[in-house]
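These notes concern the structure reproduced below.
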Protein chains: 2
Amino acid sequence: MKRIGIKDLARLLSLNVSTISRALSGHPDVSPETRERVLDAAREFNYHPNLHARFFRKKNSGLIALVLPELNSFFIPELIQGVHDAVEKKGYNVIMFISGDSPEKEAEIMDHCLSWVAEGVLVSVSNRTVETGHFRAIQSAGIPLVMLDKVIHTADFSTVTINDHSAAWSATEHLIRSGCRKLLGVLGNPGLEITRERAKGFADCLEARGFLPEMSRIITIENIASGEEVLMEEVIRGGYDGIFVMSDELLLFVYPALAAAGLYPLKIRLAAISDGKLPHAIFPQVPYVQHSGYQTGRTAAEKLLDEISGKDPAIRHFTSGINLVYPR
Amino acid sequence: MKRIGIKDLARLLSLNVSTISRALSGHPDVSPETRERVLDAAREFNYHPNLHARFFRKKNSGLIALVLPELNSFFIPELIQGVHDAVEKKGYNVIMFISGDSPEKEAEIMDHCLSWVAEGVLVSVSNRTVETGHFRAIQSAGIPLVMLDKVIHTADFSTVTINDHSAAWSATEHLIRSGCRKLLGVLGNPGLEITRERAKGFADCLEARGFLPEMSRIITIENIASGEEVLMEEVIRGGYDGIFVMSDELLLFVYPALAAAGLYPLKIRLAAISDGKLPHAIFPQVPYVQHSGYQTGRTAAEKLLDEISGKDPAIRHFTSGINLVYPR
DNA sequence: TTGAAAGCGCTAACAG
DNA sequence: CTGTTAGCGCTTTCAA
């Protein structure tokens, strides 16, 4: 069935296309009766504006690009929802890209954003990205870009993250306060800013509390499959009484491994940084510092929209507050 | 900085726009030297085609719409990834919508799809949707539509789901085989096809295995917040030795509630339908029938792409195989 | 092998 | 209040 256009309506109603256009977009210069007739006809013939044509003409696309390195189970879905809620309120739509954690792919995606004339770009940076040329290209095309969650800290881009250092510190301190004397930190990809900051928060807190170097250790789990072995070997050898887990993804396998070995909850305490769902699904509940995906996504999207509308063009770095959640 | 277009390149190289267009799109009728010059200039001046203009002209948008009622923790992220992988291979991009589980919103979104001239629509139907007029509107505009996961079974739309009935049956049978004699089924939204089918699979299996009506019961958890109370009251009263849990979302709270009460793993066995991550994160691991989000997304997207390219215009209902995963 | 020109659907001057 | 018209960036006939 042929798609009906503004021209068809014009012919049908023996009016001019511009009158139709005006009636449809609520322009004041059009008589109420005419407007009604047009609106009725539009409904009747199932008219839908062609946004490509409209935006093509008006030089803006109504699209916000959301670029993610990969999807995970807790944080990212919430983040997407946050972005979505913020963006939708202003009538924008989301076009989503997944870089698969590849900087090359990421660069291609930036080209796509340019080609789609996205009005703004939200990007959670790939773990292996070091070069930022492709991001600057977006900016120099006049398109606002905000980094969220996984970011590169320079003076050039606005960012939205949590304060990873203090989140890790806070979780670590909770373990110490609970009486732990020998601590293990379980961390993810070491190339990431987010990992380095959390590792540092963990280490700094220990130092500040007078822990000697031999009273703590950090292990890195890059691959969940082999992770359990690495973890259990260290745990058994080390005699730990507390473990700091850096993320939900890690907690998802640290918990059953310890439980199966009979170590949690009897011999070892846990504390995590989490979006907040998983710790409640574990028994006994794990204390955690909340890292809200929804807030991150929403804040970043709102900042981006402000930049788009010229309201807050300054580069800013938002770090959301930390709050520790104890089991009830 | 002004965006550079095909016209600017033409002026720069003293060529005609059509030559540029041809060179850029790899048309054979253009001399190798000219092509080189054009490609070089495009790179140098950072040319990016305007897809709105291109697709506007060519009558197709390169967009696949993905419409979801809401995001969850395990299944949906995998589904998105599956859709993404399939679609990207063919050069399409994904424009994402969230209906918030509202039929009205869903109808609006269908209008957006029309307005964006999406070339295909993938939709996981809102729980409360009964009227399908807005979906037919898409089809009668000549746009293929495939439903996935949450679907409405009619002769009009292709669908991709798992065989919910046999998944539930299989999980239930596993409990019976393990020796359970009194079973509880924990189900979600009762308005959903998916829920009805799983409830039926549970009940049918029990009947086939000779369970008397008083040896089983079904409870419905619509709201996670109040769910724990409902669950525990029933569990304590009923004296169950096995519980069938219909989804990851439900398992996420059923497990800690039972564990906290000291019932799991000692007195009660569990079996679930799950994407496959969460059961491994629980101790002891929960047997489950796998419901793969990735496969669902991927299969649906591939079917959609086939329909778009005219390869498989028939309406089909795919139900993926079931396999039961035991704890190792 | 290249150029000229029309037209995709819509908006926005400008004119009446 | 309504009509006329040009043009957004690109592809695609048709001509040269």
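Side chains included, hydrogens not; waters and symmetry mates left out as well; all remaining heavy atoms used. Quick note on labels: first sequence line is chain A, next is B, and so on, each numbered from 1.
Note that CG of Leu15(B) and CG of Leu9(B) are 9.5 Å apart. Values are rounded to the nearest 0.5 Å. Summarising the geometry, atom CE belonging to Met96(A) is positioned 5.5 Å from atom CD1 belonging to Ile80(A); distances are rounded to the nearest 0.5 Å. Distance check: Leu39(A) CG to Thr34(A) OG1 gives 11.0 Å after rounding to the nearest 0.5 Å.
Distance Ile4(B) CD1 to dC8(D) P: 15 Å, rounded to the nearest Å. Rounded to whole Å, the distance from NE2 on His27(A) to P on dA12(C) is 9 Å. Taking atom CG on Asn60(A) and atom P on dG9(D), their separation rounds to 13 Å, with Å as the unit. Atom C1' of nucleotide dG7(D) and atom NZ of Lys59(A) are separated by 10 Å, given to the nearest angstrom. Here dC10(C) presents its C1' atom at 12 Å from CZ of Phe55(A), a figure rounded to the nearest Å. To the nearest angstrom, C1' of dG7(C) lies 14 Å from CG of Asn50(A). In this structure, Arg54(A) places its CZ atom 16 Å from C1' of dC8(C), rounding to the nearest Å. Between the CD1 atom of Ile6(B) and the C1' atom of dA5(C) there is a distance of 14 Å, rounded to whole Å.
Residue pairs meeting the ring-ring contact (aromatic ring centres under 6.0 Å, His included) criterion with at least one partner in residues 291-320 of chain B, sequence neighbours excluded, are Phe75(B)-His291(B), His153(B)-His317(B).
Within the 4.0 angstrom heavy-atom criterion, base atoms lie near Asp29(A).
Here Phe56(A) does not count as stacked on dC10(C), because the ring centres are not under 5.5 angstrom apart with planes under 30°.
Taking the six-membered ring where the residue is Trp, Phe157(A) and Phe135(A) present perpendicular rings, their angle passing 60° and hence far from 30°. Using a 30° and 60° split on the angle between ring planes, His52(A) and Trp116(B) fall in the perpendicular class, above 60°.
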Check your understanding: Can Lys303(B) and Asp312(B) be said to form a salt bridge (charged side-chain N to carboxylate O under 4.0 Å, His left out), step by step?
Key -> CA-CA 8 Å; Lys303(B) 167 65 173 143; Asp312(B) 178 15; 3.1 Å; yes
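When each of dC10(C), dC1(D), dG9(C) is scored by its nearest atom to the side-chain atoms of Pro32(A), the top-ranked nucleotide is dC1(D). Across dT2(C), dT2(D), dG9(C), the shortest atom-to-atom separation from the side chain of Thr34(B) is found for dT2(C).
DNA chain C lies under 4.0 Å from at least one heavy atom of each of the following residues of residues 9-22 of chain B: Leu15(B), Asn16(B), Ser18(B), Thr19(B), Arg22(B).
Residue-to-nucleotide proximity on DNA chain D shows that, of Lys7(B) and Ser31(A), the 5′-proximal contact is made by Ser31(A).
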